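Proteins get letters first, then strands, A, B, ... in listed order; numbering begins at 1 in each. Remember, predicted model here, so these are calculated numbers, not experimental data.
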Amino acid sequence: MSNQTMTFSEAFQQGVREEMGRNSDIFVLGTDLFERGGHFAQVKGLGPEFGQERVRDTPISEAAMVAAGVGAALYGLHPIVDLNFVDFALGAMDEITNQAAKIRFMLGRPVPLLIRATHGIALGGAHHQNSLEAWFMHTPGLAVAIPSTPADVKGLVKTALRAPDPVIFLMHKRLSGQRGEVGGPDDLVPFGQARVARPGTACTIVTYGGTVGPAIQAAETLSGKGIDAEVLDLRTLWPIDLDAVVDAARRHGRIVVVDEAPLVGSATAEIAAQVQQAAFHYLDGPVTRVGAIRAPLGANPKLIEAALPSVADIVAAVDGLFDPAQVTA
Amino acid sequence: MSNQTMTFSEAFQQGVREEMGRNSDIFVLGTDLFERGGHFAQVKGLGPEFGQERVRDTPISEAAMVAAGVGAALYGLHPIVDLNFVDFALGAMDEITNQAAKIRFMLGRPVPLLIRATHGIALGGAHHQNSLEAWFMHTPGLAVAIPSTPADVKGLVKTALRAPDPVIFLMHKRLSGQRGEVGGPDDLVPFGQARVARPGTACTIVTYGGTVGPAIQAAETLSGKGIDAEVLDLRTLWPIDLDAVVDAARRHGRIVVVDEAPLVGSATAEIAAQVQQAAFHYLDGPVTRVGAIRAPLGANPKLIEAALPSVADIVAAVDGLFDPAQVTA
Amino acid sequence: MADDETPTAQLREWLEQMLLIRAFEETAEKLSLRGRIPGGIHAAVGQEAVAVGVMSALRENDVISSTHRSHHHALAKGLSPDGVMAELYARRDGVVGGRGGSMHLASFPLGHYGGNGIVGAGAGIAMGVALGIQHRRDDNVAVGFVGDGGVNVGRLWEAVNLAAIWSLPLVVVVENNQYAVETHVNRVTGGGDIVRRAAGFGVAAERVDGQDVVAVHRMIAGARDRAVSGAGPTLVEAVTYRYYGHNTGEVARYRTQEEIADWRSQRDPIDSARARLVAASALDDDGFAVLETAAHARVEKAVAFAEASPQPDPKTAADNVDAWDVAVTR
Amino acid sequence: MADDETPTAQLREWLEQMLLIRAFEETAEKLSLRGRIPGGIHAAVGQEAVAVGVMSALRENDVISSTHRSHHHALAKGLSPDGVMAELYARRDGVVGGRGGSMHLASFPLGHYGGNGIVGAGAGIAMGVALGIQHRRDDNVAVGFVGDGGVNVGRLWEAVNLAAIWSLPLVVVVENNQYAVETHVNRVTGGGDIVRRAAGFGVAAERVDGQDVVAVHRMIAGARDRAVSGAGPTLVEAVTYRYYGHNTGEVARYRTQEEIADWRSQRDPIDSARARLVAASALDDDGFAVLETAAHARVEKAVAFAEASPQPDPKTAADNVDAWDVAVTR
Ligand SMILES: Cc1ncc(C[n+]2csc(CCOP(=O)(O)OP(=O)(O)O)c2C)c(N)n1
Ligand SMILES: Cc1ncc(C[n+]2csc(CCOP(=O)(O)OP(=O)(O)O)c2C)c(N)n1
Ligand SMILES: [Mg+2]
Ligand SMILES: [Mg+2]
């Protein structure tokens, strides 16, 4: 870990800049990148530095943007397609799912392609608040990285840009400005390796991306009540570090899984289902999930807040696992 | 139940015909419907009967097909958009997810729209074998119907065509020609109500659509070994009859969940996660999932067979729950 | 008469509407900068004549489906400034109860079928509405709005093609304000001619000066007649300009201050409507000041309304997603 | 010389290739009807001149990306009939090991980047390849195939637009065989003119008789030159016809037997190439019979190869999905 402190977006910039420097096959395309540096400043400065061929502005054509990435990747390049908001991936789902994800399996040719998008709940109305990570996780052939710290942004994007396969790289809106230290040019963060975001011995809160912060807050609250909760940050949903979760279940038998997607069919379901199957006899209570209600998220902040899991919800879920009434019901 | 026997496709035809007869706002659009009756004969005969305005052939424009359905539904009609294969929904995901699913919540106007597609694994290469039901299930605002018998096809499509909200209606390729009795003009099958496809007392195999048949076969095999397995056909993934599953868990404590989607992130995860949470102390073993491997499905039948859950896999999963070595591990 | 055909009373009304939109947008931008509007806005200052020209040519039951930059459409379609401002505030008395926000204004009774957060999607929905209209054999038309950036979304052309082959009563209005965020239309639009592109799909296609409310009105009135007569859809490219940034608080480096000043001083839609009325001796400076003051007063009232409107009840966050928990009716 | 410019030797070679494709497709259709080909096929009988005309104008390192109806492309691009037939059988010795099947033939070393099950998608990938070529400053071109049905997929036009604004070395070949399944092109194509539609996106666009192998060759050679010179993409509409049903065993009610008979008897690409060679005294009936017999023999060998090829090992069903289980390299 170098001692440089920077924002989430700057960490992305730096990781991409370093990799573009060492590999001329890497280029990035998307809307409003060259001048503006993207809507979250995620590639700010790269335009002037690498020129218009390597930081390529596109029209609003998400399907063709991803198709461009797939074709160029097959030709031997390593494109970064910046979709801006993940919601706009909905206009390119065939290119992502049928083409990028399947070509290696079907035709034997890897597709080194990074698809970056800002995701997560903030504001702006229901069309800009989709949580699609469970879809991507369900798609064989796609890797899904969802960092929660600047260090992981940089380390994961570097790994992605040295990998031969398509990666969906999601950065939470609310984390864009979050600051932290990042690693040096050779510090890669591996995919499929969870990170202990807060150590703890009594139970484990498993989460990723935008809910790592709230989970840590919940753990602080719980520690005030004498419950020492671990927070595990998955960092990638595929490959997924199930071993770390199962191991936690074996250690203390209490697992809570949290994200901010609508609960029904979210990534928390897969994790809960796997853990209870792999560690059934170690569990002192059900693997407990915390997520959003089944509803679109509108414009009103109070309605959004009501729909999303709160720190209190996470605390309550953990509490439930220590409630003798519930656990011995 | 009337005594008419017909195929899956004919049951769809009949249900739609009856509803089109009683409601002139219903019409169907899609490719190759009028003459051919659709690639699975699902609307065969309706063209000549109702005319080109109510059985409307479209170009290959899936996004606009769904947009046409959304707009016409908002204007007060009840369109059926026939996407042919569910894979082609990938070209209309914004229209389905951001528009059809969310408008009622956001703008207060219901979107009575039926989107029909053939789904499920058969043959034809990886682009024609996507299992997308978990995606739709994860999308607030969408209902998902996946019948396994001609009676349910007819009864569910009639319910869908009297409902005010968007329904994704998926019919498994391998069931297209399956015959069975269907109900009369007033026999509606409710959404959110599972059906006991085979009674049993020792454990429950929960499934839907194309894997109901294999589950019943597995139950027959198990009955030869003295295990009396119930098979529960969910019929709709949303709304979902979790009560029926939790009730089964309470009765006998052994649940196996089966579908043919890639296991990671499939609908089985949601069901397993919910049941272990709702009935933890009733379970004699983990809720056990059976699904496909994490891989696209190619052209070769042997590879497909190897990737999919077999009857033997289902039997093994149930056996595992009765294996003292495993259950008391 | 302000000119050969447009009665001054009508032009005056359009001027009033444009002034209302201008005052509304200028105010909304300020409120947004002050953090009153969750999520910010896309102001349409400069584009008033498009909205007013289009809506003035429509009948009450005609339907529009709109975009992310859409307050002007909503106000011109007759939605109350109170309800629109309250919706920007995402409050309970907003036109859709605070669930939509700036990009998702709607009023089905008034024929406004919603803004859209997805570029191009609104025009697709309008095409579907046109299909519904044709199915019912109604005399209405559907109007779908899209920006110059939206003409590079492939799905738009699927919708235009369907409208063409089915002769749907659809009018697509492309508000070509020259930029999609910071991207100039000429940089990303192959062929450089939106009208020609549209003609290739078999729709009638025409370009109009989007800063001239009378010209827009006439163009749309013609397209409406054609649509209602069964002769099919029209795509109208309205050439216009946005004076403000793409969204709240944007710092624009992609265009010069001169360019903005040129449009504002040479081609302002309000100035030109005013000049016409003055030339026809139907308005003087005092009269104009009265109209401007009235517009601002109306907007101030809307702000007060929005500020006073309560938040939606958090308990309703999961309400009205679907009706599957209730018995199936109809 | 068969005519002013095409050497007879070259035309003879093209005739041989067309005969190979015809024999291959006729045989494959029969095998498919007999259940030997899992999932069936889309035969390109009648469309041979498009594939041979296009590929003959390409260089070795040029790339194609294709469609669901694509055996003719693969064979003309130089893939071995053995490997192609074995792939139709989905066997281990198929060009992609039996994982692709009829719609997913590919050979990256030979510049065939894959068929496609999704209408329109192959052209998008070709556009991306063209971007890669431009990025590397290579002298190659990418060719994307699409059918007449594909011109109503909006995403195609997004790709065409990107190619236009970036002057990519792309050639889009629209095989207009008049039908998408049972839907005639004129029923669903607004404007009724694919070339005009393309021109609206700023690409060079031309129509060619797809039954005339020499005309196709020349047109593509010109488009290739333009692409390599940096002058940008071309869309070529090749007017052609499929003699067989859309897919294996289709019973066609949407066109008359006379229509098919007319195309077969008046405009067959093999007949006309043969007639030219005969006219140039470079071929006689016996000579033609020799070529035809050779083509059939080659296909019979391919069938034997496919029949003898083993099934892929079921244990490999989850192999080569991604490399995340192995250490990150490069
Ligand atoms: C499909 C999609 N892609 C990207 C965006 C992000 N975005 C919002 S507005 C906008 C620019 C739209 O430009 P234009 O259509 O010209 O409309 P204008 O903003 O000029 O009114 C973009 C890129 C989006 N909302 N939807
Ligand atoms: C996006 C999409 N929609 C629908 C289909 C189903 N489908 C397969 S081929 C075909 C017709 C294609 O027609 P055309 O493009 O003219 O090619 P042709 O079959 O004539 O070669 C259709 C509708 C598909 N494969 N992909
Ligand atoms: Mg614009
Ligand atoms: Mg065709």
Engineer: Do D:Val95 and A:Leu107 pass the side chain to side chain contact (heavy atoms under 4.5 Å, CB included) test, and can you show the C-alpha distance, the side-chain angles, and the key distance before you say yes or no?
Structural biologist: CA-CA 9 Å; D:Val95 289; A:Leu107 310 182; over 6 Å; no

Engineer: With a 4.5 Å cut-off on heavy-atom pairs, point out which of A:Pro166, A:Gly141, A:Ala92, A:Ala63 contacts chain D the most.
Structural biologist: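 Option with the top pair count is A:Ala63.
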
Engineer: Are the side chains of D:Asn116 and A:Gln99 in contact, using a 4.5 Å heavy-atom criterion?
Structural biologist: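 Yes, at least one pair of side-chain atoms sits under 4.5 Å.
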
Engineer: Using atom types as modelled and distance alone, determine if a side-chain donor or acceptor of A:Asp165 lies under 3.5 Å from a backbone N or O of D:Ala323.
Structural biologist: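 Pair found, side chain donor or acceptor close to backbone of D:Ala323.
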
Engineer: Check whether D:Arg136 reaches the backbone of A:Asp25 with its side chain - one donor and one acceptor, N or O, closer than 3.5 Å.
Structural biologist: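 Side chain of D:Arg136 to backbone of A:Asp25: no pair is present.
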
Engineer: Counting only heavy atoms not in D:Asp225, do more than 12 fall under 6.0 Å of its CG?
Structural biologist: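 More than 12 within 6.0 Å, yes.
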
Engineer: Please classify the contact of D:Asp319 with chain A as side chain, backbone, both or neither, using a heavy-atom distance under 4.5 Å.
Structural biologist: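 For D:Asp319, the contact with chain A is made by the backbone alone.
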
Engineer: Evaluate the criterion side chain to side chain contact (heavy atoms under 4.5 Å, CB included) for residue pair D:Asp322 and A:Trp238; output intermediate values, then yes/no.
Structural biologist: CA-CA 11 Å; D:Asp322 58 39; A:Trp238 192 266; 3.8 Å; yes

Engineer: Got a second to check how far A:Met65's CE is from D:Leu162's CG, nearest 0.5 Å?
Structural biologist: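 Nearest 0.5 Å value for the CE-CG distance: 8.5 Å.
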
Engineer: Between atom CZ of A:Arg109 and atom OG of D:Ser107, what is the distance when rounded to the nearest 0.5 Å?
Structural biologist: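 Reported to 0.5 Å precision, the distance equals 9.5 Å.
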
Engineer: Relative to chain D, which of A:Gly69, A:Ala64, A:Pro110, A:Ala101 shows the most heavy atom pairs under 4.5 Å?
Structural biologist: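 That would be A:Ala64.
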
Engineer: About how many Å separate CG of A:Leu74 and CZ of D:Phe108, when rounded to the nearest 0.5 Å?
Structural biologist: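 So the CZ of D:Phe108 and the CG of A:Leu74 are separated by 5.0 Å.
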
Engineer: If you round to the nearest 0.5 Å, how far is CG of D:Leu131 from OH of A:Tyr75?
Structural biologist: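 Those atoms lie 11.0 Å apart.
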
Engineer: Do the side chains of A:Glu62 and D:Arg155 get close enough for a salt bridge, i.e. N-O under 4.0 angstrom?
Structural biologist: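 D:Arg155 and A:Glu62: not salt-bridged.
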
Engineer: Under 4.5 Å heavy-atom distance to chain A, tell me which part of D:Leu156 shows up: side chain, backbone, both or neither.
Structural biologist: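 Contact with chain A: none, neither part.
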
Engineer: Name the member of A:Asp94, A:Val70, A:Thr236 that forms the most heavy-atom pairs with chain D at distances under 4.5 Å.
Structural biologist: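 Looking at each option in turn, the highest pair count goes to A:Asp94.
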
Engineer: Take A:Phe105 and D:Asn320 through the side chain to side chain contact (heavy atoms under 4.5 Å, CB included) test and state the conclusion after the steps.
Structural biologist: CA-CA 5 Å; A:Phe105 175 89; D:Asn320 210 20; 5.6 Å; no

Engineer: If I take atom CZ from residue A:Arg56 and atom CD from residue D:Gln134, how far apart are they, to the nearest 0.5 angstrom?
Structural biologist: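 A:Arg56 atom CZ to D:Gln134 atom CD measures 5.0 Å (nearest 0.5 Å).
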
Engineer: Give, for atom CD of A:Gln52 and atom CH2 of D:Trp166, the distance between the pair rounded to the nearest 0.5 Å.
Structural biologist: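 Answer rounded to 0.5 Å: 11.5 Å.
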
Engineer: Using non-hydrogen atoms and a 4.5 Å limit, figure out which bit of A:Val81 sits close to chain D: side chain, backbone, both or neither.
Structural biologist: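 Answer is neither: A:Val81 stays 4.5 Å or more from chain D.
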
Engineer: Given side chains that start at C-beta, do those of D:Val96 and A:Met106 come closer than 4.5 Å, heavy atoms only?
Structural biologist: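 SC-SC contact between D:Val96 and A:Met106 ruled out.
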
Engineer: List the atom of A:Pro59, the atom of D:Asn161, and the distance in Å for their closest heavy-atom pair.
Structural biologist: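 Shortest heavy-atom contact: CG-ND2, 3.8 Å.
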
Engineer: Examine whether an atom of A:Glu53 lies under 4.5 Å from a heavy atom of chain D, and if so say whether it belongs to the side chain, the backbone or both; otherwise answer neither.
Structural biologist: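 For A:Glu53, heavy atoms of backbone and side chain both lie under 4.5 Å from chain D.
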
Engineer: Identify the two heavy atoms, one from D:His135 and one from A:Ser24, that lie closest to each other, and give their separation to 0.1 Å.
Structural biologist: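 In terms of heavy atoms, the two residues are closest at NE2-O, 3.5 Å.
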
